[in-house]
Amino acid sequence: TAGMVLRPERPIVVMAPDGQDQQVALRLARIGFDRVLGYVADPEAYLLAHADRVRQASRLTVAQANAAIVGGVVQVVDIRNPGETAGGTLPGARTIPLPELPRRLGELDLRRPVLLYCAGGWRSSVGASLLRANGFGDVSDLLGGYNAWASAHPIAS
């Protein structure tokens, strides 16, 4: 996922469980990210020790996301790939695959809340972090992603 949202010239600090830092750095180097400045061996302990510098991300349940969508307040962004979106999207969703998100940020309104989702929730948390790092203040992702949404909203046959 790093290759989709980071630029190779940016310095990186790897946060990985002790013993996995070299493997992570090697995988990053294989895709051109060789500016690893250091490692944090115990990410949880580090984040707890620096709680004043950490913000908790907003993650919405399906019910909370539905309320935001029905209220018309939120920009909904589906960051799945085209093959994944063929089976459906959330109401009013704009499709911007995660690899395209860094160069398509200008399509979103910085002043309006954003709700991102993917299939299961991993990529959308990465995308939400990218938006926050680029000045978007109110960003959430959907817990469980589209799979959770589809389970709660079965299509009648």
Side-chain angles (χ1 to χ4, degrees), residues 1-62 64-65 68 73-87 89-90 92-149:
T1 311
M4 292 185 221
V5 296
L6 299 176
R7 294 188 318 265
E9 65 275 6
R10 300 261 337 239
I12 297 173
V13 174
V14 173
M15 296 181 84
D18 199 18
Q20 293 184 18
D21 52 350
Q22 292 296 321
Q23 180 183 6
V24 171
L26 177 61
R27 287 183 178 188
L28 287 167
R30 285 181 179 157
I31 61 168
F33 293 84
D34 56 4
R35 298 207 50 214
V36 174
L37 299 181
Y39 307 96
V40 175
D42 188 348
E44 287 182 39
Y46 180 85
L47 294 173
L48 287 171
H50 298 88
D52 59 317
R53 301 189 72 198
V54 177
R55 286 187 303 155
Q56 185 166 348
S58 173
R59 307 201 73 202
L60 302 182
T61 64
V62 169
Q64 291 168 323
V73 207
V74 68
Q75 303 173 86
V76 182
V77 182
D78 187 329
I79 62 169
R80 296 177 297 158
N81 295 316
E84 296 173 285
T85 61
T89 62
L90 271 64
R94 172 183 310 210
T95 56
I96 304 176
L98 181 60
E100 296 178 19
L101 189 58
R103 67 179 173 79
R104 294 180 61 187
L105 293 175
E107 295 178 27
L108 302 173
D109 186 343
L110 275 165
R111 299 164 299 195
R112 289 186 55 216
V114 180
L115 170 62
L116 290 166
Y117 71 94
C118 60
W122 169 251
R123 288 173 289 174
S124 60
S125 66
V126 172
S129 180
L130 174 73
L131 289 182
R132 284 185 206 98
N134 281 278
F136 288 81
D138 189 352
V139 182
S140 301
D141 70 301
L142 177 60
L143 283 166
Y146 185 77
N147 296 337
W149 178 272

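The model shown is predicted, which means the values in this text are computed figures rather than measured ones.
Summarising the geometry of Pro82 relative to Thr85, their closest heavy-atom pair is O-OG1, 3.0 Å, with the distance given to 0.1 Å. Between Gly121 and Asp141, the shortest heavy-atom distance links the atoms O-OD2, 3.7 Å.
Every side chain to side chain contact (heavy atoms under 4.5 Å, CB included) that Arg35 has, sequence neighbours left out, goes to Pro11. The side chain to side chain contact (heavy atoms under 4.5 Å, CB included) test applied to Pro8 returns Phe33, not counting sequence neighbours. For Arg103, the side-chain hydrogen bond (donor to acceptor under 3.5 Å, both in side chains) test picks out no residue, with sequence neighbours left out. Checked against side-chain hydrogen bond (donor to acceptor under 3.5 Å, both in side chains), Gln75 has no partners two or more places apart in sequence or in another chain. Partners of Val24 by side chain to side chain contact (heavy atoms under 4.5 Å, CB included), not counting sequence neighbours, listed by chain and number: Val14, Ala16, Leu28. Checked against side-chain hydrogen bond (donor to acceptor under 3.5 Å, both in side chains), Asp52 has no partners two or more places apart in sequence or in another chain. Every side chain to side chain contact (heavy atoms under 4.5 Å, CB included) that Asp42 has, sequence neighbours left out, goes to Glu44, Ala45. Partners of Ser58 under the side-chain hydrogen bond (donor to acceptor under 3.5 Å, both in side chains) rule, at least two apart in sequence or in another chain, are Ser140.
Side-chain atoms of Gln23 do not come within 3.5 Å of backbone N or O of Gln20 as any donor-acceptor pair. Counting only distance, with no hydrogens or angles, the side chain of Glu84 and the backbone of Asn81 share a donor-acceptor pair below 3.5 Å. Side-chain N or O atoms of Asn147 include one that pairs as donor or acceptor with a backbone N or O of Ala119 at under 3.5 Å.
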Let me have the donor-acceptor pairs involving side chains of residues 125-135, under 3.5 Å, with sequence neighbours excluded, atom names and distances please.
from   : atom 1 : to     : atom 2 : distance (Å)
Ser125 : OG     : Trp122 : O      : 2.7
Arg132 : NH2    : Val139 : O      : 3.0
Asn134 : ND2    : Leu130 : O      : 2.9

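Applying the side-chain hydrogen bond (donor to acceptor under 3.5 Å, both in side chains) test to residues at least two apart or on different chains, the pairs with a partner in residues 105-119 are Asp78-Tyr117, Arg104-Glu107, Asp109-Arg111.
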